[in-house]
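No experiment lies behind these values; they were computed from the predicted model shown.
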Amino acid sequence: MTTAARSGRRDRTHWLYLAVIAAVVAGVLAGWLAPGFGKSVGQLGTMFVSLITMMISPVIFCTIVLGIGSVRAAARVGRIGGLSIVYFMVMSTVALAIGLLVGNLVHPGTGLNIHAHAKDALVYAKQAAGGGGTWHFLESIVPTSLLSSLTAGSVLQTLFVALLAGFAIQAMGKSGEPILRGVGLVQKLVFKILSMILWVAPIGAFGAIANVVASTGLDAVKQLATLMLAFYLTCLVFVFGVLGALMRVASGASIFKLVRYLAREYLLIFSTSSSESALPRLIAKMEHLGVERSTVGIVVPTGYSFNLDGTAIYLTMSSLFIADAMGKPMALGEQIGLLVFMVIASKGAAGVTGAGLATLAGGLQSHRPDLLGGVGLIVGIDRFMSEARAITNFSGNAVATVLVGTWTRTIDPDRVRRVLDRELPFDESMVQEHDAPEMPAPVEEKDLVTA
């Protein structure tokens, strides 16, 4: 990847970021100073949510098929691939659980009562209440046809068909690779469309924030700020507390020194809101750190589809925030069901701008469709939270590489110590060798953000 390409991507993302900030500020002022006008533009937020909802099924189908269909690439190398997958699933579940715990402790959305903002809530509630018990629920998972799952708007049906397709492609072996590449091309198209939708995010954010502030006053701004602060603090605790303690116990390395070693990559991610923008550098730096190339080549790319710690925290905390803000908090059983769904549905969303928002909408549509309209409230601060998501995902993959290398004895502990102590500086020319890594799941975020 050329320097010019990277620079162009940063510039365009930067302008979108500034536009969302300006839209949020303008929405707050409009809702505060002209409540009538603020309420009248609420449909802008609703329309944006509808656009995101339109992309839920394609996003989930492609990411699940690519994630499961390509697991065999890691499984072929035996214990390294198997251990990586198990570790990723465990840590994603832990991150989701931490997000639920913090969300239940903080309750940042309590008191907003924005149910009037979601005009489709009554329709969704009637649809949700129209079920016929457990057997009806199980029956509704099976679509009438293979393709109807993508057009009926049922997230569970899409997930069911995606799981079947992924495992079928996996069982086909080499003969299934052309299909996998075809799904990868479809995914590029889907994310390209999603990127086009994201460029109207400032309009959606303006309408959603203006309407909410007009209806609830400045309390909405305070609650959104509380959610952002709680999310950032949770990510910090997860990285330096959970991951740091695990790395210290397992490998004896310091998370603080690892973060310092990857400082330039963190700046790149923060400027692009893209964890994948630093993927070539992460591979090169992990090899320089002392992890064998075979291990790095399995753990890092696979982790970009399966190790989604920051996204997991975001999904659960945002779901609880929306439920509390709409005055319809989730019961414990619903939270656990949402957690299980997010563990599966979030795979492949790492580093892809907008995929987290679509997955959030998908989880709510699946478990609490009456809350789907509240996603518009998150649009205004989603860009602010995307950097923390990407950085946490990136940190999780870096730590995972060290841990798997330690557990499989494919790492040089002495070299790790010398590199982290700055005795062996990193050679920037090494990055050129890794500009086009082969990823098990071809999630092409770089194509998304250059649209």
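For the atom pair Asn307 CG and Asn397 CG, the distance stands at 4.5 Å (nearest 0.5 Å). Distance OG1/Thr392 to CG/Leu236: 7.5 Å, rounded to 0.5 Å. For the atom pair CZ (Phe88) and OG (Ser92), the distance works out to 8.5 Å, reported to the nearest 0.5 Å. Between the CG atom in Leu105 and the CG atom in Leu320 there is a gap of 10.5 Å [rounded to 0.5 Å]. Taking CE from Met317 and CG from Leu227, the interatomic distance works out to 5.5 Å, rounded to the nearest 0.5 Å. Atom-to-atom distance recorded for Leu403:CG and Met91:CE is 8.5 Å, nearest 0.5 angstrom.
One finds a salt bridge joining Asp414 and Arg417 here, because a Lys/Arg side-chain nitrogen approaches an Asp/Glu carboxylate oxygen to under 4.0 Å.
Phe426 is not listed as a side-chain neighbour of Arg264, based on a closest heavy-atom distance of 4.5 Å or more. No side-chain heavy atom of Leu282 sits under 4.5 Å from any side-chain heavy atom of Glu265. A heavy-atom distance below 4.5 Å is found between the side chains of Met172 and Ser175. At a threshold of 4.5 Å between non-hydrogen side-chain atoms, the residues Ile411 and Thr295 do not count as touching. Residues Pro143 and Val161 have side chains in contact (heavy-atom distance under 4.5 Å, counting atoms from C-beta outward). You'll find the side chain of Val242 reaches within 4.5 Å of the side chain of Ile98, heavy atoms only.
Side-chain atoms of Thr316 come within 3.5 Å of backbone atoms of Ile313 as a donor-acceptor pair (strictly under, hydrogens ignored). Side-chain atoms of Ser318 do not come within 3.5 Å of backbone N or O of Leu315 as any donor-acceptor pair. With hydrogens and angles ignored, the 3.5 Å screen pairs no side-chain donor or acceptor of Gln335 with any backbone N or O of Leu100. The backbone N or O of Gly396 sits nowhere less than 3.5 Å from a side-chain atom of Asp309 that would complete a donor-acceptor pair.
The side chain to side chain contact (heavy atoms under 4.5 Å, CB included) test with Leu289 singles out one residue from Val296, Leu420, Leu262, and that residue is Leu420.
What you find for Ala162 and Val65 is that their closest heavy atoms are O-CG2, 3.6 Å. Between Ser254 and Arg248, the closest heavy-atom pair is CB-NH2, 3.4 Å. When all heavy atoms of Val416 and Ala253 are compared, the pair lying nearest together is CG1-CB, 4.4 Å. Across Tyr87 and Ala400, no two heavy atoms sit closer than the pair CE2-CB, 3.4 Å. Nearest heavy atoms, Lys257 versus Asp421: NZ-OD1, 2.8 Å. Minimum heavy-atom separation, Pro202 to Ala23: O-CB, 3.1 Å.
Side chain to side chain, Thr311 and Asn393 meet the donor-acceptor criterion of an N or O pair below 3.5 Å. Residues Ser395 and Tyr266 bring a donor and an acceptor atom of their side chains to less than 3.5 Å of each other.
Around the CZ atom of Arg260, the shell of radius 6.0 Å holds more than 12 heavy atoms that belong to other residues, nucleotides or ligands.
Ring geometry for Tyr261 against His288 counts as parallel: the plane angle stays under 30°, on a 0 to 90° scale with 60° as the upper cut. Phe240 and Phe256 have parallel rings, their planes meeting at less than 30° on a 0 to 90° scale where 60° marks the start of perpendicular.
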